[in-house]
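Not measured: the values here are computed from a predicted model. In the text below, chain A, chain B and the rest are named by the order of the sequence lines, each starting its count at 1.
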Amino acid sequence: MRNAIIGGIGVITFVAGYIQGKKERVHWNYDFHKPIFGKVLAATPFTPAVTNNQPTTSRISQIMKYGFPGLENIRSFDDYVLSYDRRTRVAYWVFEHLTKENIKSNETVDRSLCEFKPDESIHPYFRSLNSDFKGSGYDRGHLAAAGNHKSCQKHVEQTFYLSNMAPQVGTGFNRHSWNRLEKYVRKLTKLHNNVYCCTGPLYLPRKESDGKNYVKYEVIGANNVAVPTHFFKVVVMETVNGTFEMEAFVMPNQPIDDSIPLSSFQVPPDSIERSAGLLFFDNLSKEKINKINGKRK
DNA sequence: TTTCATGT
């Protein structure tokens with residue numbers, strides 16, 4: 001049933017993408033990525049792939065096994081899935097599935113060959129460009145980390161689309177504490193066979209001097225790319241006995257002292273869901289999750 | 001080890 005639903009979503013997204021692509025290509029001449037599912041024939045019922053033989057179809061359903069956090073502007077790549085926010089020019093979320101094997105770096109893979117490139121699948125009105133980031137003082141910070149996709153050159157390269165970037169404070173954040181969090185998530189694959197990771201920006205309200213709450217964020221470049229106030233990461237680990245553990249983190253987009261333990265950034269997952277407007281792991285029954293942020297439920 | 005930007 002779940003697969004039928006996911007299949008349905010794939011069909012809708014593909015059809016919408018196809019129509020949009022056809023229509024807009026006349027005016028804009030830009031490409032769009034593969035649909036969520038590679039093959040769609042109107043008369044053929046969707047049959048979920050059981051094995052993980054190469055088709056993208058099965059890889060994407062593997063990554064999204066426990067549900068889409070939201071359904072807006074879905075883009076699927078070979079090894080991660082992204083939902084794009086046209087208004088902020090920053091993704092709503094990205095989703096990854098990590099295993100010991102698929103994050104193992106291949107010697108032939110070279111990150112330095114990768115280039116940050118505009119995502120041609122996004123309409124030019126809503127697409128961020130390298131020039132937006134240049135001189136802004138912010139890093140082009142990966143949401144789906146390059147370090148999670150080093151088994152294959154094509155996969156790392158696909159993490160360099162600007163649709164996967166958010167303006168992040170470099171020193172003290174992207175290059176330090178946020179990177180620490182990313183390494184921690186990779187390390188979880190040493191303990192658990194399957195790690196699912198959802199990452200995204202937050203724009204959190206703050207009390208101003210008049211005592212009222214406002215959401216305030218900087219925008220950079222000609223395209224007014226939003227600078228998120230915070231970033232979240234929600235991780236689910238599948239344990240050997242078929243139960244699950246969840247950890248949820250929120251870090252402010254500012255320099256963070258490296259001596260502050262990652263555990264102090266843990267928050268109740270529903271607090272992120274409420275502020276981001278997303279639902280995490282909605283297909284996973286709550287009874288199967290027996291630990292949240294390291295604590296038994 | 002991984003993140004990046006910038007200056008030569």
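Protein atom CE of A/M251 is 13 Å distant from nucleotide atom C1' of B/dT3, rounded to whole Å. Between A/K183 atom NZ and B/dT3 atom P the separation is 9 Å, expressed in whole Å. Note: CZ (A/F160) to C1' (B/dT2) measures 10 Å, nearest angstrom. Following rounding to the nearest Å, A/R186 (CZ) and B/dT2 (C1') show an atom-to-atom distance of 7 Å. In this structure, CG of A/L143 is placed 10 Å from P of B/dC4, rounded to the nearest angstrom. Between the CD atom of A/E182 and the P atom of B/dC4 there is a distance of 7 Å, rounded to whole Å. One can place NE2 of A/H149 at 10 Å from P of B/dT3, the figure rounded to the nearest angstrom. Whole-Å rounding puts the A/N253 CG to B/dC4 P distance at 13 Å.
With sequence neighbours left out, the side chain to side chain donor-acceptor pair (under 3.5 Å) criterion links A/E182 to A/W178. For A/F265, there are no ring-ring contact (aromatic ring centres under 6.0 Å, His included) partners at least two apart in sequence or on another chain. Scored by the side chain to side chain donor-acceptor pair (under 3.5 Å) test, A/S209 finds no partners at all (sequence neighbours excluded).
Side-chain atoms of A/P201 and A/N253, non-hydrogen and from C-beta on, never get closer than 4.5 Å to each other. At least one side-chain heavy atom of A/K233 sits under 4.5 Å from a side-chain heavy atom of A/T199.
Within 4.0 Å (heavy atoms only), A/G170 reaches no atom of the nucleic acid at all.
For a distance-only test at 3.5 Å, the side chain of A/N174 fails to qualify as a donor-acceptor partner of the base of B/dT3.
Among residue pairs with one or both ends in residues 214-230 of chain A, none qualify as salt bridge (charged side-chain N to carboxylate O under 4.0 Å, His left out); sequence neighbours excluded. For residues 266-275 of chain A, the side chain to side chain donor-acceptor pair (under 3.5 Å) pairs, not counting sequence neighbours, are A/E247-A/Q266, A/D270-A/R274.
Under 4.0 angstrom from either OP1 or OP2 of B/dT2 there lies at least one side-chain N or O belonging to A/K150. Put simply, A/R180 has no side-chain N or O that comes within less than 4.0 Å of OP1 or OP2 on B/dT2.
Minimum atom distance to the side chain of A/H142 is reached by B/dC4, of the listed B/dC4, B/dT1, B/dT3.
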Polar atoms only, N or O, under 3.5 Å: list the protein pairs with nucleotides 5-8 of chain B and their distances.
unit_1	atom_1	unit_2	atom_2	d
B/dA5	OP1	A/R140	N	3.2
B/dA5	OP1	A/R140	NE	3.0
B/dA5	OP2	A/R140	NE	3.3
B/dA5	OP2	A/R140	NH2	2.5
B/dA5	O4'	A/R175	NH2	3.4

